[in-house]
Amino acid sequence: MSVQSASASDRGARSGSRRRASAQAVTVAAVAVLSLLVIAAVAAPWIAPYDPLHQSLGAALQGPSTAHWLGTDDLGRDVLSRLVYGCRIAVIAAAEATSIAVVLGVPLGLFVGYRGGWWDWAVMRLVEAVVSIPGIMVAIVIIAILGTGLHRAMIALGILFSTSFLRLARGVVLTEREEVYVKLARVVGASDRRILLRHIFPNIAPPLIVQVTLTVGAVLLAEAGLSFIGLGVQPPDASWGTMLNTAASYMELNWFLAIPPGIAIVATVLSINLLGDVIRDSIGRGVAVGVKPTTPVARFEAAAPASPESAAPPPRRDDDVLRIEGLQVVVSAKEGGEVPVITDLSLAIARGETLGLVGESGSGKTLTGLSILGLIGAGGRSTHGTITLNGTELRALTERQREQVRGNAVAMVFQDPTTSLNPAFTVGNQIAEVLRAKKGLSRKAAWARTIELIDRVGIPRPAERARAYPHELSGGMAQRVAIARALSCNPALLIADEPTTALDVTVQQEILDLFRDLQDEFGMAILFVTHDLAVAADICDRIAVMYAGEIVEVAPVDTLFATPRHPYTRGLLSAMPHASDRDPPLPTIRGTVPRPGSWPRGCRFSDRCGFRTDACGQRVPLTGTGRLVRCLRAGDPELEAGR
Amino acid sequence: MLRLVVQRLLALVPLLFIVSVLTFSLTSLLPDDPADLIIGQWGTEQQFEMVRERLGLNEPLVPRYVHWLERALHGDLGTSFFNSVEVSDAVMQRLPVTLSLTAVSALIALLVGLAAGIAAALRPRSWTDRLATFGATIGQAIPNFWFGILLVAVFAVTLRWFPATGFTPLSSSPWEWLRSVTLPAIALGLASSAAIARQVRSAMVGVLQQDYIRAARAQGLSRRRVIFKHALTNALVPVVAVLSFQITVLLGGALIVEQVFAINGLGTLAITAVRRQDIPMIQGLVLVMVVLVVIVQLATDVVYGFLNPKARPS
Amino acid sequence: MSDSPLLEIRDLWVTYWQRSGLTLRRRPFHAVKGATLSIAPGETLGLVGESGSGKSSIANAVLGLVPAASGSIRFGDAELSAMKTRYPAAARRQIQAVFQDPFSSLNPSMTVGDIVAEPLRVHTGMSREERRARAAELLKLVSLSEEHLGRHPHQFSGGQRQRVAIAAALALQPRLIVLDEPASALDVSTQNQIINLLYERRDALGIAYLLIAHDLALVHHISDRIAVMYLGHIVEQGPAGRVYSAPAHPYTRALLEAVPLLDPARQRARRAARKAAPAVEAPRDAVSGCPYSNRCPSVMARCRSAMPAAFPVEGGGTASCFLAEDRGRARPAGEPASLAS
């Protein structure tokens, strides 16, 4: 591993572990505060130095002293003792209101969510009505009916917060109900009760725990607020809210009175909220399910990138638009550190040529396209190699300069046209914006050109369609718009990333024809990324096959399909459904594509290859002239005969 | 846009109906007879009957509701049980106070929340992000009334920059109004700015990972344009919903914060009414608040439709 | 197909009611418009169509996940459509399903052992140990092993998850399995592994499949018969070989023509042919008459006014196209009456 990437991956690992360590520290602190609270609540009579109600008017409004660590209040009562007894109120309040909320809200939410129909409608309208009144006002109204006092106030808060549990439980049921596994449970014939309890309920537990922590925090704040305005705990009983009420009246005489109860509230609520955050984050990582995700064993050793045999650059041609030589891209791994996802990648595309980049998921084909644009995204970066577009080394450019290149010299069309257009703006607006920003056209000229472009990509009634929003167009139409936008500045290179995968076959055909037409007219080079060899056969002049982060074979399209030379290419070709008219068993490649980080040493296909020899444990270079193959046994009679 | 407003208005009809029924039924939910409350335990049977008659308590429930609703729709919310004050007069007199407090704090919450949220989202896991996230977590843990007490201690009692108590109407002196509303509005808005900042951050982070952001960048549009035009427009969609909810929260919070600053707004009215079980007054307060919330929701829906073309009726 | 069919669908309509705006009136959307199909015991029927053609709605109706608006679904002796979505246990046991997405079709909070044993638990009185033993057996049938029983779905690859889903579907030894795009979310190299597994299980256990897919090329390998859907209508059905090599309906032909081939030379020839006769651009909205009439290259006047019935096709099956009717009339030369009309 080169020095540069070693230090980078080290840094990644260190910052990852530092993050985990700080999260752990936060958790420990939060748990400590909450434990302290519970201990104080249970053991208040033994911990508190004085009777919290004992008045001593002679010693009123004193500051902290050795006798009274936190001073005394207006009636000379010991603040520390009152604070400790306040813990008791806080714990009772939180437990009481939260339990009422859960017990009321969850079953009702599960019921209406699963039952749906009239029940759901009626209950949800009721909940909406309650939620549309400010929470404190709801509590005040319920207290008006029940009367003041801690327990009554907590019943009020319990009813109030039950609405959030109801909505949570209902929401989970509604989303889970649409899950395929719940559909399957219905197909199997499981009863409603069983589906609800066995299949849906376990999935409610994680968000429920988070909601409980949030509610405890909210209850503590609300209880303090109600006691503060005199509707919760009634004097002379000590609660943090009533203590603050006293403090507010004696602000000018002894401001310190406000500090201890305030800090107690903030520390408690902060701890419970932080704990909730930690729980939520760990659910996101799947830890809460009680299963540790299996970490793949990293078996990869980065190739010495500058070794002469591997960096065989593609032959130079005069009309090359794009040349990539020896590109390596790494991404940061979840477990910390960085993992290579593309290694030793070299390719060239000439003007008017279409190069297909073909591979299965995880082969690195999409990232290759994004690396050219310098848009690998957070957590990824290119570490080695050169990317030359029209004679400019893109990796050496500043971000500003790259912005200039993007759109003008190179543009990209993405897989899903419905997500690659901004839902908030009309499609015409999105094309015109590019023309104005990149070409400096006036508003009027840009709009006129936009309509021309929309017309050019074969959309009927272009002036009208320009004012449509993306969701109002079919997938095929939206992809045509995306193509029009990409071509708006007449780029020398167009990167098309699976541009037809999300479309129906008949639409796919139309889009592929459009690409050909536009290339004849505009003469741009196309890098066509796809997993479908048949699509590549249709659109490409040359094809580069990728497997596990590297190119394993490059050949002109006719040659590749007539005489594939790499065992992987051959396996892929015979596995295509069109390849054979035979009955099953259909040809397969055994095993699965290895994930980045767990690539075999040496030839990365060797695990799945039927022609493996001992020599395949070594790194294999991409060799040949005209057509390139990364296989030690290419041309071997045994391998050729196996076709 | 008009269709959207009309649609949403119609959708609010069941809500208003349910709230009105709930509010009306307060009288029946009360454990004590309202007439008892008014007359006290030493009244005569005859007085008692007179009061019941006046309050319409002898009528059956449904006509009584219809009657009550009819009057409420005309702005007549009845008279307080304890003095002859018209409920609508009492509420309307204090409404501007609570409204200006809520409005100013909502503005503060929105501005602070947006700025902190965007700053955090642009550099996830940076120091800015951690600072903003930690600040938001603390902000949500601080009770507004305690924060108010601290603000008074520092800026009113010690530094004497702002008045410690009271409220000056905007109409009598804009400058004094601003001085009187600043501290309470900050105290009230703190938790909401934290909540909004969190929502802005997560929405922005989510939107920035979308395909259309990558596509806009691939098209060579500047980072600034992509963030503030393409990303923010979409990220604001969920933020608008949170803001609307936070305004409801602020309206409730105002009731408490008013007590810290001795501001004679709806809060004082509500607390007095609850202590005396002054039902007409509570009913009036609830109805006014719901109307306010409904107006906010309506505005939210319109803004929502403006930001999100999919939400517009076709 | 003289023996009585296992599944028989007659004139099935599936309708979803969409609320439009705020008005209480709801508009019907007909996903399936009068489909007629049958599957014999042990037979595989491939149901092919593009997105929105209604093929998954037929699957859902057969599985009792959505009610049939009208028409009949007979399974063996039971009339399922009359029971709406409340199927009797006997029918539930005999019809199972495997869905497309291997990442959402397994409950993340259950172990693989529990997932595979769930049908046994619902329908049989087996003890815990018996269920476990049977689940282990089932996992072996799909080339997984007993040690996988205690693992959670997220620990498996897409292909392995789909194997688990198949094992669960096999648990009750059903007579029919509905396969809704069972391999299309997988990589090419794993796709065929799943297809082979399904094929092998079918031959070993004599199960019938209703195989739903968008890829005609994939379907024809393992289907006995193929039905093609377009906008809620079944436009053609027949023996897999005949439909694939001699499609009778213009839409089936267009569908086949659009599937890219692995042969660059043939692709070029096709492209040249397309250029000579540009495709008919038209909205895919519902039209009166034949649903395909606004895109059909060989449309005739009557196609726009009348819906063609299912006419028999030489080589087996039917096509809902007037051209098939004309050809059918022209063929039997010994019948002058038909020529005269």
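Protein chains get the first letters and strands the later ones, always in sequence-line order, with residue 1 at the start of each.
For the pair A:Tyr181/C:Pro153, no side-chain contact is recorded, criterion being any heavy-atom separation below 4.5 Å from C-beta on. For the pair C:Ile95 and A:Val187, the minimum side-chain heavy-atom distance is 4.5 Å or more.
Per-residue counts of heavy-atom pairs under 4.5 Å with chain C were compared for A:Lys183, A:Arg590, A:Glu179; the largest is that of A:Lys183. Of the listed residues C:Arg270, C:His214, C:Arg121, the one with more heavy-atom pairs under 4.5 angstrom with chain A than any other is C:Arg121. Of the listed residues A:Val180, A:Asp538, A:Thr588, A:Val182, the one with more heavy-atom pairs under 4.5 angstrom with chain C than any other is A:Asp538. Of the residues considered (A:Ser191, A:Ala190, A:Ala537, A:Gly475), A:Ala537 shows the highest number of contacts with chain C, using heavy-atom pairs under 4.5 Å. Listed options A:Gly189, A:Ala536, A:Ala185 were ranked by heavy-atom pairs under 4.5 angstrom with chain C; first place goes to A:Gly189. Top candidate by heavy-atom pairs under 4.5 Å with chain C, chosen from A:Glu176, A:Glu360, A:His531, A:Arg608, is A:Glu360. Across A:Gly362, A:Gly591, A:Cys540, the residue that shares the most heavy-atom pairs under 4.5 angstrom with chain C is A:Gly591.
In plain terms, the two heavy atoms of A:Val557 and C:Pro264 that are nearest each other are CG2-CG, 3.7 Å. The two atoms that bring C:Arg271 and A:Asp513 nearest to each other are NH1-OD1, 2.6 Å, heavy atoms only. The shortest heavy-atom contact between C:Arg274 and A:Gln509 is NH1-NE2, 2.7 Å. Nearest heavy atom pair, residue A:Asp504 against residue C:Ser51, reads OD2-OG, 2.8 Å.
Listed for the C:Asn192 side chain is a donor-acceptor partner under 3.5 Å among the backbone atoms of A:Ala575. Listed for the C:Asn107 side chain is a donor-acceptor partner under 3.5 Å among the backbone atoms of A:His199. Within the 3.5 Å criterion, the main-chain N or O of A:Arg186 finds a donor-acceptor partner in the side chain of C:Arg92. The backbone N or O of A:Ile589 lies less than 3.5 Å from a partner atom in the side chain of C:Gln193, making a donor-acceptor pair. A donor-acceptor pair under 3.5 Å links the side-chain atoms of C:His123 to the main chain of A:Val188, judged by distance alone.
Heavy atoms of A:Asp541 lying under 4.5 Å from chain C are absent altogether. The parts of C:Leu65 that come within reach of chain A are both its backbone and its side chain, each placing non-hydrogen atoms under 4.5 angstrom from that chain. No part of C:Arg266 comes within reach of chain A, as not one of its non-hydrogen atoms sits under 4.5 angstrom from that chain. For C:Asp203, no part lies near chain A; criterion is any non-hydrogen pair under 4.5 Å. For C:Ala97, the parts lying under 4.5 angstrom from a heavy atom of chain A are both the backbone and the side chain. Residue contact with chain A, scored on non-hydrogen atoms closer than 4.5 Å, involves the side chain of C:Tyr199 exclusively.
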Practice problem: Starting from the C-alpha separation in whole Å, work towards a yes-or-no answer on side-chain contact (heavy atoms from CB on, under 4.5 Å) for A:Phe561 and C:Leu262. | Solution: CA-CA 7 Å; A:Phe561 285 94; C:Leu262 278 175; 3.4 Å; yes
Practice problem: Could you walk me through whether A:Val593 and C:Asp187 pass the side-chain contact (heavy atoms from CB on, under 4.5 Å) test, one step at a time? | Solution: CA-CA 9 Å; A:Val593 182; C:Asp187 269 323; 4.3 Å; yes
Quiz prompt | Test log, rule side-chain contact (heavy atoms from CB on, under 4.5 Å), inputs A:Asp558 and C:Arg268 | solution = CA-CA 11 Å; A:Asp558 292 294; C:Arg268 277 192 287 272; 2.8 Å; yes
Quiz item: Could you go step by step and tell me if A:Ile539 and C:Gln267 meet the side-chain contact (heavy atoms from CB on, under 4.5 Å) rule?
Solution: CA-CA 9 Å; A:Ile539 186 95; C:Gln267 291 283 17; over 6 Å; no
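The residues C:Glu118 and A:Arg194 are annotated as salt-bridged, a charged nitrogen and a carboxylate oxygen being separated by less than 4.0 angstrom.
The structure places CD of C:Gln96 at 8.5 Å from CG of A:Leu184, a figure rounded to the nearest 0.5 Å. Interatomic distance, A:Leu586 CG to C:Ile195 CD1, rounded to the nearest 0.5 Å: 7.0 Å. Taking CZ of C:Phe156 as the start and OG1 of A:Thr592 as the end, the distance is 12.5 Å to the nearest 0.5 Å.
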